[in-house]
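Presented below is the structure to which this report refers.
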Amino acid sequence: MRLNRDFYIRNTILVARDLLGKILVRKEGKKLYKGIIVETEAYINSKDQGAHFSKGLTDRTRIIDEVGGHIYIYNIYGMYQLFNIVTEKKGVHGAVLLRAIEPIEGIEEMYKNRYKMEFNNPPRRKLINMSNGPAKLVMAMNISKNEFYGADLVTDNRIWVEDAPKLSLDQIARSKRINIDYAEIGRDYLLRFYVKDNPYVSK
DNA sequence: CTGATGATGTTCT
DNA sequence: GAACATCATCAGA
């Protein structure tokens, strides 16, 4: 079952936590890719200097004004794109960054997307490296800003999130977010969530 | 295994 | 002109 609007329009931190264990599904023609979401980060209100929208929206971030469930993708470091899910009601700003997934279906195709190489008995190291980071999972699932900026996970037929049993709190760990040391207010917030002991969680 | 470094170009000041 | 929600690669231990 696809997650519906009600899931996404809640408090951003709850959405970030509850996305753990859910299944990100990407359909590309006849190919189907699925991965368990194992790591997320919440970006919250205007006091959170780590959030791109802390000083108001720009052309890059305009979609964050939309109702929860829309996709916010942005370019970073010239060569990468990061995937976020807009949260909260329309007009309330919040987003969740997906930082890692555990591939469970379409693995060989995802491997080709990721490495531009045939899947041929690869070492475990390379399987883990397929999607254990925010830009890596975007490459594995062949998601691009051009095609997916502003798409709606509640209605789109190329991408959505499937429900799965809720994880227990003792399966979930929490920490500071990665690489936002520049944010004097916000860098110490415990807004990164990940599945304990899952090998696909980023290093 | 760890830490350092360079790649690369859009966005914002 | 600087900053950047990252990754691959390489040197050293």
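Order of the sequence lines sets the chain letters (A, B, ...), proteins ahead of strands, with each chain counted from 1. No experiment lies behind these values; they were computed from the predicted model shown.
Within 4.0 Å (heavy atoms only), A:Ile180 reaches sugar-phosphate atoms of the nucleic acid but no base atom. Within 4.0 Å of A:Asn129, counting heavy atoms only, lie sugar-phosphate atoms of the nucleic acid but no base atom. Heavy atoms of A:Arg187 sit nowhere under 4.0 angstrom from any nucleic acid atom.
The listed nucleotides are C:dA8, B:dT8, C:dA5; the one nearest the side chain of A:Arg99 is C:dA5. Set against B:dC12, C:dT6, B:dT13, the side chain of A:Pro134 has C:dT6 as its closest nucleotide. Listed nucleotides: C:dA5, B:dT8, B:dT11. Nearest to the side chain of A:Asn75: B:dT11. With B:dT10, B:dT13, B:dC12 as the candidates, the nucleotide lying closest to the side chain of A:Lys55 is B:dT13.
Atom CE of A:Met139 and atom C1' of B:dA7 are 13 Å apart (whole Å). Look at OH on A:Tyr149: it is 13 Å from C1' on B:dT10, rounded to the nearest Å. The distance between atom CG of A:Asp59 and atom P of B:dT13, rounded to the nearest whole Å, is 13 Å. Rounded to an integer number of Å, the gap from CG of A:Leu137 to P of C:dA5 is 16 Å. Atom CE of A:Met79 is separated from atom P of C:dC7 by 11 Å (rounded to the nearest Å). With rounding to whole Å, A:Lys203 atom NZ is found 11 Å from C:dC7 atom P. The CD atom of A:Glu39 sits 10 Å away from the P atom of C:dT6 (whole-angstrom rounding). Residue A:Asp181 contributes atom CG, which lies 11 Å from atom P of C:dT6 at whole-angstrom precision.
Judged purely by distance below 3.5 Å, without hydrogens or angles, the side chains of A:Glu88 and A:Thr12 pair a donor atom with an acceptor atom.
If you look at A:His52 and A:Tyr43, their ring centroids are not closer than 6.0 Å.
Contact check, A:Arg60 against B:dT10: no side-chain N or O comes under 4.0 Å of OP1 or OP2. Contact annotation: A:Thr58 side-chain N/O to B:dT11 OP1/OP2 distance is not under 4.0 Å. For A:Lys136, a side-chain nitrogen or oxygen approaches OP1 or OP2 of C:dA8 to under 4.0 Å.
Residue A:Asn142 is tested with A:Glu28, A:Lys31, A:Arg114 for a side chain to side chain donor-acceptor pair (under 3.5 Å); the sole match is A:Glu28.
Along DNA chain B, the nucleotide nearest A:Lys145 and the nucleotide nearest A:Tyr80 are compared for position; the residue whose nucleotide lies closer to the 5' end is A:Tyr80.
For A:Arg99 (side chain) and A:Asn132 (main-chain N/O), no donor-acceptor pair under 3.5 Å exists by modelled atom type.
Across all strands shown, the partner of B:dA7 is C:dT6, judged by Watson-Crick or G-U wobble contacts whose two distances both fall under 3.5 Å. Nucleotide B:dC1 forms a pair with C:dG12, judged by Watson-Crick or G-U wobble geometry with both contacts under 3.5 Å.
Open room surrounds NZ on A:Lys27; 12 or fewer heavy atoms of other groups in view lie less than 6.0 Å from it.
Taking 4.0 Å as the cut-off between side-chain N and carboxylate O, A:Asp181 and A:Arg187 do not count as a salt-bridged pair.
The ring of A:Tyr77 does not lie on top of the base of B:dG9; it is either too far (5.5 Å or more) or too tilted (30° or more).
A donor-acceptor contact under 3.5 Å is formed by the side chain of A:Tyr74 with the base of C:dA5.
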